[in-house]
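Report on the structure given below.
Every chain is numbered from 1, with letters handed out A, B, ... down the list of sequences. Atom set for the values below is all heavy atoms of this structure, side chains included, hydrogens, waters and symmetry mates excluded.
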Amino acid sequence: MNKLYITTPLYYVNDKPHAGTAYSTVIADIFNRFHQFFSKETLFLTGVDEHGQKCQQAAEGKNMDVQDHCDEMAQVFIKTWENLSIKYDVFYRTTSSEHKQCVQKALQKIFDRGFIYESTYEGWYSVSEEIFYKEKDLVDGKSPQGKLVTKITEKNYFFKMSQFKNQLIQHLQDHPDFIYPSTRQNEVLSFVKNLEDLCISRPKSRLKWGIPLPFDSDYVVYVWVDALLNYIFGAGLWKESDSDFESWWKESVHFIGKDILITHAVYWPCLLMALDLPLPKKIVSHGWLLNQDLEKMSKSQGDILDPLELAQQIGHDSLRYFFSSVRFGHDAPISQKMIIQEHNQSLANNLGNLVQRVLTLIESSLAGTLPPPPSSLHPLQEKSMETCEKVSKYIHEFSIHMAVFEITELLNQTNKFLEETAPWNFISEKDKTAPILYTALDVLRVAVSLLQPIIPNASQEVLRRLGLPPQSFEQTKKVNQLKSGIVVKKESPIFPRVRL
RNA sequence: CGCGAGGUGGAGCAGUCUGGUAGCUCACCGGGCUCAUAACCCGGAGGUCGCAGGUUCAAAUCCUGCCCUCGCAACCA
């Protein structure tokens with residue numbers, strides 16, 4: 001119960017990370033950090049999906065060896081996550097020899113259990129695009145891009161996915177929390193009702209870059225099957241040393257974008273059932289980041305945002321903060337301007353400015369020395385304790401934006417509190433300013449501690465200025481936790497305003 | 001009837017599950033403060049919460065129908 005296994009999708013390495021992949025990863029990282037904050041033991045996995053046709057094509061396009069291309073791209077992902085303060089435990093690569101061995105072992109097992117059969121695959125193949133189309137996808141007898149297609153009948157291996165239909169429907173009905181948000185459950189159910197078998201092989205004559213089937217080396221495995229299996233191997237299944245796989249897997253949560261819900265909520269459970277393994281505990285699908293016109297961002301429109309650039313321009317924490325402030329689970333518009341506005345309003349004007357004014361007042365009134373706590377509890381401190389409870393509740397409900405809203409509200413109240421008490425009017429009367437300044441700083445301590453999972457770097461810098469180490473939730477939800485007697489000092493602003 | 005999401009003051013959004021005086025940020029107008037990053041605080045103008053019915057003492061919130069916008073339809077987070 002005290003463990004939690006969090007995963008992001010394995011990102012496809014045909015291109016570098018974009019705002020969407022960054023969003024998935026940052027959100028998963030924030031949840032991971034929140035649960036660590038709540039004293040859970042967590043395992044956080046991310047990684048890259050390196051096989052398949054598009055990857056092979058991307059390498060060929062650059063005139064590179066495919067493995068070299070993958071190695072290069074993997075580094076780009078690692079560097080991007082570093083720049084977004086992503087703290088993962090496992091960076092999984094599907095070209096590792098361990099992964100290949102495990103995938104083959106899994107396929108053999110499914111094969112031995114009788115869930116894989118040989119049949120013929122019929123489809124319309126576009127030689128120039130190297131893509132199969134179904135009859136219904138064709139436009140005037142050609143591919144949607146207008147390329148010539150020919151009907152091909154090909155021997156392939158199929159996974160008896162349809163056999164798990166009733167079992168999966170039963171699971172979905174018995175576990176209404178399996179998919180978040182629950183509204184997307186219907187989407188999955190309606191898909192499952194027409195469940196067909198899945199073609200899981202690709203002949204090597206067409207696709208070389210993949211893991212060979214253990215029972216027929218003329219074929220490689222379909223990339224989704226290859227990639228999905230990472231989730232169990234990454235948690236230690238079939239490792240030589242007796243791993244904690246079972247205890248992690250029991251508490252597994254997959255974070256994904258809504259577009260890959262079917263693969264995760266249908267294909268993946270069926271594969272697990274075929275392997276006689278338990279299903280993941282939860283699948284959390286988030287919405288998309290859209291451009292200002294609320295359309296999907298696309299390269300052709302040139303409105304792709306580079307997360308690395310954004311992080312460097314505005315700051316890691318500010319980008320993370322923006323991601324956490326949009327309604328979780330739903331689509332949301334994003335632009336550089338919106339991120340900067342959010343940074344200026346919430347982080348610079350509200351939080352950052354509050355830190356400066358309180359510390360300045362303590363310096364000028366109390367020579368920087370933190371006073372003892374006031375004899376009675378101020379209502380604002382009571383409110384800060386309520387905020388702790390609300391944040392915990394919202395995070396457990398995946399309403400991260402509501403958690404952010406509550407913390408912002410607490411900071412607003414603290415600004416208001418200073419305005420009402422106006423300690424600058426009697427700055428030399430220490431006995432009057434001390435309780436006010438202690439209260440304000442103690443509430444600030446709570447707010448900043450609650451923000452640690454979202455803005456890890458800045459919040460720890462603020463805590464350092466308050467003379468405190470990183471804080472746990474247990475510490476955060478107590479009042480009067482400042483170290484009386486130590487000397488604090490104002491330093492340069494943590495979140496300078498960014499001009500638009 | 002393919003599946004799904006959304007329509008809330010000028011802009012962008014939250015609130016909808018668990019019905020109870022419509023909230024946040026930006027922009028605009030007036031005032032205060034000068035501790036603070038020209039930041040902060042107070043007040044004001046601006047919304048019949050897409051439309052029409054229904055349930056209820058009470059509906060942005062629940063039910064029904066309709067209109068409009070947008071995604072997805074199997075390797076694109």
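- Listed by residue number, A:Gln345, A:Ala348, A:Asn349, A:Gly352, A:Asn353 are the residues of residues 343-354 of chain A with a heavy-atom contact under 4.0 Å to RNA chain B.
- Taking side-chain N and O atoms only, A:His330 has a distance below 4.0 Å to OP1 or OP2 of B:G6.
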Donor-acceptor pairs are to be reported for all side-chain atoms of residues 347-355 of chain A against protein atoms at under 3.5 Å, with residues two or more places apart or in another chain.
from, atom 1, to, atom 2, distance (Å)
A:Asn349, OD1, A:Arg497, NH1, 2.5
A:Asn350, OD1, A:Asn415, ND2, 3.1
A:Asn350, ND2, A:Asn412, OD1, 3.0

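- The same atom, C1', is picked in B:C40 and in B:A36; the two are 8 Å apart, to the nearest Å.
- For the OP1/OP2 pair of B:C3 and a distance below 4.0 Å, the side-chain nitrogens and oxygens of A:Lys193 include no atom meeting the criterion.
- A salt bridge does not link A:Glu363 with A:Lys490: every distance from a Lys NZ or Arg NE/NH1/NH2 to an Asp or Glu carboxylate oxygen is 4.0 Å or more.
- Note: CG (A:Asn415) to P (B:U25) measures 12 Å, nearest angstrom.
- Under the stacking definition used here (centres under 5.5 Å, planes under 30°), the residue A:Trp224 fails to qualify as stacked on the base of B:C75.
- Every residue was checked against the side-chain hydrogen bond (donor to acceptor under 3.5 Å, both in side chains) condition with A:Ser190, not counting sequence neighbours, and none meets it.
- With sequence neighbours left out, the salt bridge (Lys or Arg N to Asp or Glu O under 4.0 Å) criterion links A:Glu82 to no other residue.
- Secondary-structure stems of RNA chain B, taken as three or more successive Watson-Crick or G-U wobble pairs (i with j, i+1 with j-1) under a 3.5 Å distance threshold, comprise B:2-7 with B:67-72, B:10-13 with B:23-26, B:28-32 with B:40-44, B:50-54 with B:62-66.
- Between A:His286 atom NE2 and B:C72 atom C1' there is a gap of 16 Å when expressed in whole angstrom units.
- A heavy atom closer than 4.0 Å to some atom of RNA chain B occurs in A:Lys490, A:Pro493, A:Phe495, A:Pro496, A:Arg497, these being the qualifying members of residues 488-497 of chain A.
- Applying the 3.5 Å distance criterion, the base of B:A74 shares a donor-acceptor pair with the side chain of A:Tyr267.
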